[in-house]
Amino acid sequence: MAIDIDVERRLGERNIAARFTAGPGLTALFGPSGAGKTSILNMVAGLLRPDRGHIRIGERTLFGPGIDLAPEARRVGYVFQDGRLFPHRRVRANLLYGHDLAPPANRWMGFDEALAFLGIGHLLDRWPQSLSGGEAQRVAIGRALLAAPELLLLDEPLASLDAARRGEIMAVIERIRDELRVPILYVSHDRAEVERLATEIVPIGG
Amino acid sequence: MMSAELWGIVALSLRVGALAVALTLPLAFALAWILARWRFPGRVLLDALVHLPLVLPPVVTGWLLLVAFGPAGPVGRWLEEWFGVVLIFRWTGAALAAAIMALPLMVRAMRLSIEAIDLRLEGAARTLGAGRWHAFRTVSLPLALPGIFAALVLGFARSIGEFGATITFVSNIPGETQTLPLAIYSALQVPGGEAMVTRLALLSVVLSLAALVLSEWLVRRSHGERARRGD
């Protein structure tokens, strides 16, 4: 499924612009901190409104002239840099939040399948606060995958992890890229990370 | 011991307090939400208006209520003509006075807890397929719950202690508008009423303490849940 993005947005003094297409696999938006990479993901997710441009996934237009789909209608899964798990829900309820909201016909990953894929079955009754960084990030990935997205956004998912956890999560991301059919937009400022994971690299800002 | 008269006063106070917080809660929550989340011209003015009953002499608040809700007042006349509702000299009027006096405290308590909620959690919920209303109901509202409980207890305690605005608006009628503080005031005017004053004052202390302990317990309970996540 081809992803076609051309967005521009003024934020204070900064002008954030990106124009690229992405195919299957992992497309890395690579650039220095402060280049507006996260803002681009927010625009794709519908959390930030572009001043102009378009966002398309295959035949579906998420944003364009006269079109601005609400975030909940976009089917874009988002794994935030800080995980952003719901603090008042246990891991199980966090994972099922989007899964239960997705129409059954759209779901492409079952609950047990996701648990096995991410190795998080033993965490179901834990509270998000009690999880380590790596565990929280795997739950956040699971929560996004279970919501039946057509596109997965990963915003520096390794940034808050130590070296051992980084390797572990990188392996998970590689498996998503290679085994699941969902295309990934991946934001990072780390060259080594991007070179290892990316199918394609889109430089941003600088 | 509790005489029937004493019970009547306590029951009336509780009834006034309950109606007052029930009236105020939805409005106070909406105001707290607007003040915490929205930026608009006139926000400072709205904030000041909400806080007005806190700084105004209660007698003035009571008088304003009298002007607006009295039989000749614009709101009072409208309420009587359309709904047959009369507030002046009634316990419902006492509840209205208490509600207005409790409003700023309740708004403050809820606003603090709403401001403490990470706005981005709602964004996360939206990307997971939740509409605006569903995200509010399942994420923001539960996270604001400790503040709502605290506001309820605080507003209730404030309501059963209300004096100035109440006596100005609905007078001091035994069995109808004479809540605990008004009964204490009356007992003080009567020679030999000290025993009654003591009993009423003790009851006030007990009720206020119970409210405080309850609010502390509710806050601890929600914090305790967070602490347990550490195990």
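Within every chain, numbering begins at 1; the chains are lettered A, B, ... in the order of the sequence lines, protein sequences first and strands thereafter.
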Undergrad: For A17(A), is there any backbone N or O sitting under 3.5 Å from a side-chain donor or acceptor partner on E8(A)?
TA: no
Undergrad: Within 45° of the ring axis of W38(B) and under 6.0 Å from its six-membered ring centre, is that where the NZ or CZ of R43(B) lies?
TA: no
Undergrad: How about E150(A) and V76(A): do any of their side-chain heavy atoms sit closer than 4.5 Å?
TA: no
Undergrad: At a heavy-atom separation under 4.5 Å, does L85(A) approach chain B through its side chain, its backbone, both, or neither?
TA: backbone
Undergrad: Measuring only between side-chain heavy atoms, which start at C-beta, is L27(B) closer than 4.5 Å to L103(B)?
TA: yes
Undergrad: Less than 4.5 Å to any heavy atom of chain B: does that hold for the side chain of D82(A), its backbone, both, or neither?
TA: side chain
Undergrad: Return the option, out of H99(A), R74(A), R143(A), R84(A), with the maximum number of heavy-atom pairs under 4.5 Å with chain B.
TA: R84(A)
